[in-house]
Amino acid sequence: MKYRSTRSNTEVTASQAILKGLSDDGGLYVPVEVPKLDKTLEEFSQMDYRQVAYEVMKLFLTDFTEEELKRCIAGAYDSKFDTPEIVPMVKKDGGFYLELFHGSTIAFKDMALSILPYLLTTAARKNHVKNDIVILTATSGDTGKAALAGFADVPGTKIIVFYPKDGVSPIQKRQMVTQRGDNTFVVGVDGNFDDCQTGVKKMFNDKALGKELAEAGYQFSSANSINIGRLTPQVVYYVYAYGQLVKRGELKAGEPMNVVVPTGNFGNILAAYYAKLAGLPIDRLICASNENKVLYDFFVTGEYDKNRQFVLTSSPSMDILISSNLERLIYMIAGCDAEKNARLMAQLSEKGVYQITEDMKKQLAPFYGNYATEKETAGRIKEMFEKEKYVLDTHTAVASAVYEKYKQDTKDTKTTVIASTASPYKFTRSVMNAIDGKYDSMTDFELADELCRISGVTVPRAIEDIRTAPVRHKNTCAVDEMEAMVKSFLRM
Ligand SMILES: *Cc1c(COP(=O)(O)O)cnc(C)c1O
């Protein structure tokens, strides 16, 4: 199976798409056709996570051998996860919470970033790459740490992470700046996530810079969710969740389910859409936004307009005005017309706005968008804690609040899976403040201990590890200095 850029008709293999991250024309790689699942839903219900991962990923990464892919999967989904199930699912207040946060950095990014280094180094061998691979990453908080953890000390790679200096949670920041590994480099940017992402994309598209890098023995690749090596591992857990619901007797094989996804860059929900196109019986894809509700407005009006105030919320990993992966959906609903898509993306970068046609909008029917305000999000955390003694993180709480709105709006009571994207321990202050104002004066680590006491959930290793770890990364830069930082780290 081949991959095609969303902005031209260049075709590459899966391993080439993983290596490059972004196409030279600025487009994203998409499968020429989304492959169909070739195991039955009953068969999936009998498989463990690693088996489902193989059966799903083999369809997308067709130039990996069975042995290569199984080695990648075994290396990724092991005791780095604090539960043998890898992704447990719990029923709370009428929804199934798929806990995607049991990996080494306690956010769902681990699901893809624990396997990406394996996929990437395998792809490099396959394509006889001699250069060192430089992973260039912009993060709204969670990708950065998960990518650092995945790539630290991986031979033949270096990783550079840019994060918005004042736009991540204290725990997220501490996780990143304490990262070990001589091949790691972490920089706080004086700007927001979109500035970081735009700066990184610019470097990717800079041909002169690419040439300089090659002369120095390097080439860029991306660990952002624009890389299809990130997207395909995310299709897996929707298939796995469905199988588990069948196994538990909550769904009859073939019966539709809904999914709710707290959305930022549109990667996670796009993976759910790919699962649907692959034949998984998903009915509605419920796209949950925080107060940066560009996507909600888009689903209502068909106009994508990023010209608005950027809001810093308590769910920072969703504080995004340019959802990169939406381009893959736009391309599809434009009838896989690269020129038409490229025109819309050019309007986005020039004017910050584009409008899709009625015909394209019709194809968005499986999607439902809504959003939760800061107050609604905090209210939902408190409500869930009081009802179920279950503590939601702020991102999952946005999804949960939107799910409540969805049920009110539509009266749809179908079995619903909520992608639970982070451990509450990653956003302890916001979570504890939502439960009770009295916690305000405690330090972050005192709050973690208190959260443990009220929830009965042990403090994760990821938090214990950073209590005492020394700060190793103190670099900061202005938006227009990002390239200079890269060059200085690579001694160019
Ligand atoms: C990245 C992230 C999201 C958003 O996921 P996208 O794939 O970017 O839409 C939501 N919640 C958490 C905790 C995240 O880390």
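The shown structure was predicted, so the numbers you read here are calculated from the model rather than taken from an experiment.
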*Which value, rounded to the nearest 0.5 Å, describes the distance between D190 atom CG and K165 atom NZ?*
4.5 Å

*For N290 and S315, test the side chains for any donor-to-acceptor distance below 3.5 angstrom and give the result as yes or no.*
yes

*Does any donor atom in the side chain of E43 or T40 lie under 3.5 Å from an acceptor atom in the other side chain?*
yes

*May I ask you to check whether Y238 and N268 show a side-chain donor-acceptor distance below 3.5 Å?*
yes

*Strictly by modelled atom types, are T105 and Q175 linked by a side-chain donor-acceptor pair under 3.5 Å?*
no

*If you draw a 6.0 Å radius around CZ in R461, do more than 12 non-hydrogen atoms from other residues or ligands fall strictly inside?*
no

*Of N265, N292, V294, which meets side-chain contact (heavy atoms from CB on, under 4.5 Å) against I320?*
N265

*May I ask you to say whether K361 pairs ionically with E358, meaning some side-chain N is under 4.0 Å from a carboxylate O?*
no

_Side chains of T396 and D393: any donor to acceptor distance under 3.5 Å?_
yes

_Less than 3.5 Å apart, any donor N or O on the side chain of Q197 or N224 sitting next to an acceptor on the other?_
no

*Kindly state whether the ring of Y77 and the ring of F81 have centres lying under 6.0 angstrom apart.*
yes

*So, do H395 and F108 have ring centers that fall under 6.0 Å from each other?*
no

*Do Y406 and Y368 make the cut of ring centroids closer than 6.0 angstrom?*
yes

*Please lay out, stage by stage, how F193 and F310 fare under the test ring pair (Phe, Tyr, Trp, His ring centres under 6.0 Å).*
CA-CA 10 Å; F193 171 69; F310 183 91; 8.5 Å; no

*For R248, does the CZ atom have more than 12 heavy-atom neighbours from other residues, nucleotides or ligands under 6.0 Å away?*
yes

*Is the number of heavy atoms from other residues, nucleotides or ligands under 6.0 Å of K414 NZ greater than 12?*
yes

*D412/R284 ion pair, N-O < 4.0 Å*: no

*Would you kindly say whether Q179 and T184 are connected by a side-chain donor-acceptor distance under 3.5 Å?*
no

